[in-house]
Every structure is written in structure tokens, then in C-alpha cells.
K.L.:
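Below: one structure in C-alpha cells.
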Amino acid sequence: MSTEQKNLQEIIKFRLEKLDKIKAAGFNPYSYNYNKVDHIADIIHKGEKSVGSFVKTAGRMVSFRKMGKASFTHVQDNESKIQVYLKNDLLPENIYDSIVRNLDLGDIIGVSGELFITKTGELSIKADDLTILSKNIRPLPNLKEKDGEAFNAFEDKELRYRHRQLDLIANPEIKSIFKKRAKIISTVRAFLDTNGYIEVETPVLQTVYGGASARPFTTHHNTLDQSFYLRIADELYLKRLIIGGFEKVYELAKNFRNEGMDRNHNPEYTSLEYYQAYSDVFEMMDFTENLFRDTADKTGELKFEYSGHTIDLSKPFKRKSMFDLLEEYCGADVSSMDTDALKKLAKEKSLEIEDDLNYGQVLDKIFGELIEPHLIDPVFVTDYPKAISPLAKEDRNGNLDIVERFELFICKTEFANAFSELNDPLEQRRRLESQAKLRELGDEEAQIVDENFLQAMETGMPPTGGVGIGIDRLVMLLTQQQSIKDVILFPAMRTED
RNA sequence: GACUCCGUAGCUCAGCUGGUAGAGCAGUGGCCUUUUAAGCCAUUGGUCGUGCGUUCGAAUCGCACCGGAGUCACCA
């Protein structure tokens, strides 16, 4: 969209002329500060009881009706909006002619005055003074509305995401999603903090990326003349802290994955990982369940509708083995099948399976296609194949093909992934070396041998339980949003032009 | 990456069986000292996402490209 559009240029030109008129009259159209005494929501909240009292507030003009020597405007602040009556006679000398006549939709003003009820019954401020705080020179989207319903609503998703500030002005209810996001994050932090966890920060720029199976972003440091990767996970560094003697650590920060984008994936996303020494995946299951329940409870409701399903986080989360689920939904005992038998099963269920997939990949595929769509109520799925879990400990009961791992599913979506963390340095080395072989065979997402990590583990890592949670998805669930773009203020977009 | 849909004025949209672009809001000028989608009168504004093609003629038909949304595939 060109910025050279003549109509837009003309609107801007007229606003610049008004700006000059305000300056010429001796007023600064871009003030340094304003003593905003009252929040509009507080004024509205008091309602008719406040009539006759004097208030002083500020906000953005979102409606403007001029009638010669008097005007009405609605001023919108962080949480609410109120009508302001601007009357020539009631304002100080020169304010009406020099400022009010040069105001536009989108200007930010400060006003003071007495509260009254208009003829049509709306609580309003009868302005006895007005200060212009910021002059708008670029028009806002249409803000016409009646009874809270917008006409010509600003709902083009591309414009809303690219120009989020306009979205927040035109659709102020969107702010509640991001306020809730902030509350979810602070509640999660508080939960971990009160349970003795220490929040840490580990490198975003990594020379060897690891801790997950994904393709990274690559960048370059000039002074070191060396490539760096933006982290795909913070797992390996957090384990080094466990080895160093922190017994409970967590990091709540962004990861970056150079992969597909859709309503569940943004290239940069917020992840939470927490690790507890001397623990295992089963204890972490209890803890994670409590974390989810506590967060939902303190930020909203435990029971809600999402994607057409009723989700109830107050009930105990189910716990099921992947093999039991496969038996339940496929009617086949998969536990004794080898890779070929699994492939045969997949083909019977008319899944497309590439020939070069290994045991774990086939099982994962079958699970994703045939089981995940059934997982509505919260369920911890356990017993994952070792081949797709290179950082998890083998099953303690002697099944060498599976590991101690869970993924938490709610409403068909994965929310958490956890292991009894592998702490045997020799086994860890074998696992990463076998990943390296997969990589040589062309698996771009296979993990890399991180020698520093392996040396750290050789120092001795206590048994540890670790969990990763996709925070954006948690926010989606608890705010009932269907797209990750609606819980990220500035989702990744291709550049225009 | 594949498929489907979308892209016309600052915003929301109409026009699309091809005949050379319209509305509402916003803007501008005027009237208006309790309006609220304020009203009344007048009025500005668009190389119809970009390019190529078909045609006497393209916003409209075709192809390619750019951008977006949705669905699917892989990853959280």
C-alpha cells in the first residue's frame, strides 16, 4: 500500500495546517506531561453518584461532533471512555477557537471539569479546561459505533497485525487478551517462585543449538567473526545449571524456530522450561497439573468452552500410555510391533508413510493422525519411543524402546513436554551421535552433538525432571483464542512491497 | 510446501455475464452553544495489489508474481 496516496496526503496536509495554527496560538501540541488525576473507568464506575464532582483526566479522542460553538467528544483511555462537552463559554479564553476548532479524531487531550448528565442521559464531563497533549496527523480507522457495536469495524487481520496500535485503539476489547496474557505469565512465575524455583536467563545466541528437534535461525557476530544460532530451546543450558547445583530452575523466554507458520506456530514464541533435581517425570506431572490448574483458576475460570468443547481443568488430568491409547483408538496392540509392522498398520489406516521413517517417526505419525484428534480432556500421554526422545531416560521397568516422557494434550493440542532427564553421560553421547547420523542422512531437524553439554553431564547430573510449556498456546487456551497471532502483539509477517 | 478464498478512496464495502469507477464514514468549505452512527448544504479524493496477455476496449476474462486469511503436511 503506497504512502503516496493523494487522499491520505491531503488529510495529513490539513492536519499539519491545524498543527501550525495551534502552535501559532502559543500552544505546544506535543506536551511534556499532564497531571491525569482520574482514570475514566473509575469515573464511569461511580456513575450518577459522581455528578457534580470535578474530575481531571486524559485520553484519545475517538468521536467528535462539532456544532459551531459547542462540541462533544469521547475520550478513550487505557480501560474506558467518557463523553466530554466542550463549550466555548465554559472554556478559558481562546481555547475553543485556537484548539478545539483544530482538533481531530485521534488527538490526545487532557480535560478537567464537572460531571453532569446530558439530555440524552449520558454521564459526561463539562470541560472547564482543555490541553492538547498530542496532535494526530495520520487518520485512524473508522470508529463509528452505536450501543457498543462498531460500524465498518476495523477487522482486516493483516492491518490489525501489521498496525497493532490501531487495532488496540479501534478494538479496545482486544487489550483484555493481552492483559490476561500478562496475568497468566505473572501467575506462572509466582507459582514457580513460591515453589522454590529460581528464574534464570541463558543465552539466546548459541554456538551450538540443541534441546529440541527443529531448524534454527542463523546469525553472525562480527567481532568474533563467528556464526551464532538463535536458540530453539534452552534445555541444555538449564541442565548445566542443574549440574552446577541449582536444584530448581526455570526460564520463561523466547525460542526461535525456522519452520512453518500457522495458527499454532510463530517463528519466535514464548516457552517455559523448568527443571527440578532429584525429581522425575511423574512428580513433574503432578506439579504441571497443579501449575495449569492454579493459573487457570487465578486468571479466569477452570471450566470453559474452547474450540467447541467444554474444557474442565478442575477434574484430575487423565494419564495414559501411548500404547494404551493406540489400542483404544486403533484396536491394535502396538507394543510388540516392529517398524515394518507399524508401517503396515499405518497403511491399513490409510496414512501416508514415507519409506525412510524409523520406528519412532512412524509411531509418532500414527499417534498424531489417529490419536491426537481424540484428546479433548487434559491427558498426560506417556511412554514415548526412544528414537524421537534423545534427551529422555529409558523406561525404568526395562523396556529399552521407550522413555520416561509425557506430553500434555488438551483439546487436540500439545501443551507440555517433559522427561525424566537422561543423566547418563555415556548413553547421552550415544543418543546424540545417533542423532548426528540421522542428520547426515538428511534429517535437518536431528539434534547436534554438543560437546560442552556432554562434558557438563560427565561432571555428574543428578536425576532430574524437566518440563517445557508453550506459553502462547496456554494463553490461547485460557483466552479462548484460535490463532497464535491473536495472543502475540506483533506476530511475524512478511514485509510489505 | 500443496490446495481454497481474498486484495477497488484513509476505513468499511458495492461494481466483476468486458464499454473506461460508486456509496457510507473520514476529510475540506459553510450553517449550527446538549450531540451521540449528530444533522443540513456544497465538495476533494482512486494508474481498481503488480506485471504480462486476450480484446476495438479489462476493476471485470486468462497466466505469472506480490501480500493476506483459511485448510492440510512438519515442528511447540
Side-chain angles (χ1 to χ4, degrees), chain A residues 1-15 17-18 62-74 83-91 96 104-106 116-122 124 126 138-147 149-163 166 170 212-215 232-233 255-273 351-352 354 361 364-365 368-369 388 407-408 413-417 443-445 468-474 476 482-485 493-497:
Chain A
M1 214 153 299
S2 167
T3 51
E4 302 303 313
Q5 298 291 346
K6 198 175 172 189
N7 189 36
L8 177 57
Q9 290 307 111
E10 223 168 59
I11 292 172
I12 290 174
K13 191 192 83 185
F14 283 121
R15 297 209 174 171
E17 284 172 7
K18 290 176 181 175
V62 292
S63 77
F64 197 23
R65 293 176 291 282
K66 293 186 261 192
M67 299 166 299
K69 294 191 174 70
S71 304
F72 286 90
T73 177
H74 274 94
Q83 182 170 253
V84 178
Y85 181 44
L86 301 165
K87 189 176 168 186
N88 185 31
D89 297 347
L90 300 175
L91 289 165
Y96 200 91
D104 287 292
L105 280 173
F116 76 113
I117 306 281
T118 64
K119 268 185 191 169
T120 50
E122 182 169 349
S124 307
K126 192 177 285 181
R138 185 173 290 273
L140 299 178
N142 244 319
L143 297 174
K144 293 283 182 183
E145 56 135 308
K146 187 182 187 181
D147 302 329
E149 200 167 325
F151 290 77
N152 304 328
F154 184 65
E155 54 194 16
D156 182 294
K157 289 193 170 178
E158 179 173 3
L159 293 175
R160 287 184 46 222
Y161 298 147
R162 284 193 194 280
H163 310 285
L166 297 179
S213 301
R215 281 174 292 165
I232 59 172
N255 287 339
F256 306 84
R257 296 192 183 178
N258 207 338
E259 314 232 357
M261 296 162 63
D262 61 29
R263 70 165 197 273
N264 282 315
H265 299 88
N266 194 62
E268 58 178 292
Y269 70 99
T270 303
S271 122
L272 167 68
E273 290 195 26
L351 298 181
E352 282 183 34
E354 293 119 66
Q361 289 168 323
D364 200 41
K365 174 95 178 174
E369 292 287 332
I388 56 168
E407 290 193 346
L408 170 60
T413 306
E414 182 193 335
F415 281 84
N417 179 25
D443 182 352
E444 282 186 79
E445 290 174 355
I469 292 177
I471 291 293
D472 308 283
R473 289 186 182 177
L474 177 60
M476 284 167 66
Q482 299 298 323
S483 169
I484 199 168
K485 287 187 167 75
M493 303 281 276
R494 206 185 289 268
T495 50
E496 291 175 283
D497 299 329

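What's counted below: heavy atoms across the whole structure, side chains too, no hydrogens, waters or symmetry copies. A, B, ... follow the sequence lines: proteins, then strands. Residue 1 opens every chain. All values derive from a computational prediction rather than experimental measurement.
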K.L.:
Touch check for A:Ser63, heavy atoms < 4.0 angstrom, all strands: base, sugar-phosphate only, or nothing?
P.N.:
nothing
K.L.:
Quick check for you: among B:U33, B:A69, B:C75, whose closest atom lies nearest to any side-chain atom of A:Met493?
P.N.:
B:A69
K.L.:
Round to a whole Å and report the spacing from CG of A:Asn88 to C1' of B:C32.
P.N.:
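Between C1' of B:C32 and CG of A:Asn88: 13 Å.
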K.L.:
Please pick, from B:A26, B:U34, B:U12, the nucleotide with the shortest atom-to-atom distance to any side-chain atom of A:Leu105.
P.N.:
B:A26
K.L.:
Just to confirm, is there a sub-4.0 Å distance from OP1 or OP2 of B:G68 to any side-chain nitrogen or oxygen of A:Arg162?
P.N.:
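It does, given that an N or O in the side chain of A:Arg162 lies less than 4.0 Å from OP1 or OP2 of B:G68.
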K.L.:
So, does A:Tyr96 use its side chain to make a donor-acceptor pair with the main chain of A:Asp89 at under 3.5 Å?
P.N.:
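Answer holds: no.
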K.L.:
Sequence neighbours left out, what passes side-chain contact (heavy atoms from CB on, under 4.5 Å) with A:Ile12? Give chain and number order.
P.N.:
A:Leu8, A:Gln9, A:Leu16, A:Arg138
K.L.:
B:C31 phosphate, OP1 or OP2: any side-chain N/O from A:Lys66 under 4.0 angstrom?
P.N.:
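No, no such contact exists.
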K.L.:
Indicate, with a heavy-atom threshold strictly under 4.0 Å, whether A:Tyr85 touches base, sugar-phosphate, or nothing.
P.N.:
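Result for A:Tyr85 = base.
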K.L.:
For A:Phe116, answer base if it contacts any base atom (sugar-phosphate contacts may also be present), sugar-phosphate if it contacts only those atoms, and nothing otherwise; contact means non-hydrogen atoms under 4.0 Å.
P.N.:
base
K.L.:
Quick check for you: among B:G70, B:G27, B:U34, whose closest atom lies nearest to any side-chain atom of A:Phe72?
P.N.:
B:U34
K.L.:
Hey, which sits more toward the 5' end of RNA chain B by its nearest nucleotide, A:Asn266 or A:Arg15?
P.N.:
A:Arg15
K.L.:
Using purine N1 to pyrimidine N3 plus N6-O4 or O6-N4 for Watson-Crick, or N1-O2 and O6-N3 for G-U wobble, both under 3.5 Å, which nucleotide pairs with B:G27?
P.N.:
B:U43
K.L.:
Atom CG of A:Asp156 to atom P of B:G68: distance rounded to whole Å?
P.N.:
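My rounded result for the distance is 12 Å.
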K.L.:
Give the nucleotide from the list B:G68, B:U35, B:U34 with an atom nearest to the side chain of A:Glu158.
P.N.:
B:G68
K.L.:
Excluding sequence neighbours, so at least two apart, what forms salt bridge (charged side-chain N to carboxylate O under 4.0 Å, His left out) with A:Asp104?
P.N.:
A:Arg15, A:Lys18, A:Lys135
K.L.:
Of the listed nucleotides (B:A69, B:C74, B:U28), which one gets closest to any side-chain atom of A:Glu259?
P.N.:
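Selected nucleotide: B:C74.
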K.L.:
Please determine whether a side-chain nitrogen or oxygen atom of A:Lys13 lies at a distance below 4.0 Å from atom OP1 or OP2 of B:G27.
P.N.:
no
K.L.:
What is the base-pairing partner of B:U71, counting Watson-Crick and G-U wobble geometry with both distances under 3.5 Å?
P.N.:
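Answer to the pairing question: B:A2, which forms a Watson-Crick or G-U pair with B:U71.
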K.L.:
With sequence neighbours excluded, what pairs up with A:Glu122 under the side-chain contact (heavy atoms from CB on, under 4.5 Å) test?
P.N.:
A:His74, A:Gln83, A:Thr118, A:Ser124
K.L.:
Please check if the side chain of A:Asn255 supplies one atom and the backbone of A:Ser271 the other of a donor-acceptor pair under 3.5 Å.
P.N.:
no
K.L.:
Which residues pass the side-chain contact (heavy atoms from CB on, under 4.5 Å) test with A:Lys365, sequence neighbours left out?
P.N.:
A:Ile353, A:Glu369
K.L.:
Can you name the atoms? Protein N/O to nucleotides 42-45 of chain B N/O, anything below 3.5 Å, with the distance.
P.N.:
{"unit_1": "B:U44", "atom_1": "O2'", "unit_2": "A:Glu10", "atom_2": "OE1", "d": "3.4"}
{"unit_1": "B:G45", "atom_1": "O2'", "unit_2": "A:Asn7", "atom_2": "N", "d": "3.3"}

K.L.:
Strictly below 4.0 Å: does A:Arg65 bring a side-chain N or O up to OP1 or OP2 of B:C32?
P.N.:
no
K.L.:
Heavy-atom nearest nucleotide on RNA chain B for A:Gly68 versus A:Phe154: which residue maps closer to 5'?
P.N.:
A:Phe154
K.L.:
Could you check which of B:U35, B:A26, B:A69 has an atom nearest any side-chain atom of A:Thr118?
P.N.:
B:U35
K.L.:
Nearest to the side chain of A:Asn142, which nucleotide is it out of B:G24, B:C13, B:G27?
P.N.:
B:G24
K.L.:
Look at all strands and tell whether A:Ala153 reaches a base, only sugar-phosphate, or nothing, counting heavy atoms closer than 4.0 Å.
P.N.:
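The answer is sugar-phosphate, as A:Ala153 gets under 4.0 Å only of primed atoms, P, OP1 or OP2.
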K.L.:
To the side chain of A:Asn152, which of B:G24, B:U33, B:C11 is closest?
P.N.:
B:G24
K.L.:
With the side chain of A:Asp262 defined as its heavy atoms from C-beta on, choose the nearest nucleotide among B:A69, B:A73, B:U28.
P.N.:
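Of B:A69, B:A73, B:U28, B:A73 is nearest to the side chain of A:Asp262.
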K.L.:
Measure from the side-chain heavy atoms of A:Ile11 and tell me the nearest of B:U12, B:A37, B:A26.
P.N.:
B:A26
K.L.:
Reckon A:Asn264 touches a base, only the sugar-phosphate, or nothing at all at heavy-atom distances under 4.0 Å?
P.N.:
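The answer is base, as A:Asn264 lies within the cut-off (heavy atoms under 4.0 Å) of a base atom.
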K.L.:
Check A:Ala233 against A:Glu273 and note the closest heavy-atom contact, atom names and distance.
P.N.:
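So the minimum-distance heavy-atom pair works out to CB-OE2, 3.8 Å.
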K.L.:
Taking ring-ring contact (aromatic ring centres under 6.0 Å, His included) as the test, write out the residues that go with A:Phe154, two or more places apart.
P.N.:
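Counting only residues at least two positions away or on another chain, A:Phe154 forms no ring-ring contact (aromatic ring centres under 6.0 Å, His included).
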K.L.:
Look at all strands and tell whether A:Arg215 reaches a base, only sugar-phosphate, or nothing, counting heavy atoms closer than 4.0 Å.
P.N.:
nothing
K.L.:
Would you mind classifying the nucleic acid contact of A:Glu369 as base, sugar-phosphate or nothing, using non-hydrogen atoms under 4.0 angstrom?
P.N.:
sugar-phosphate
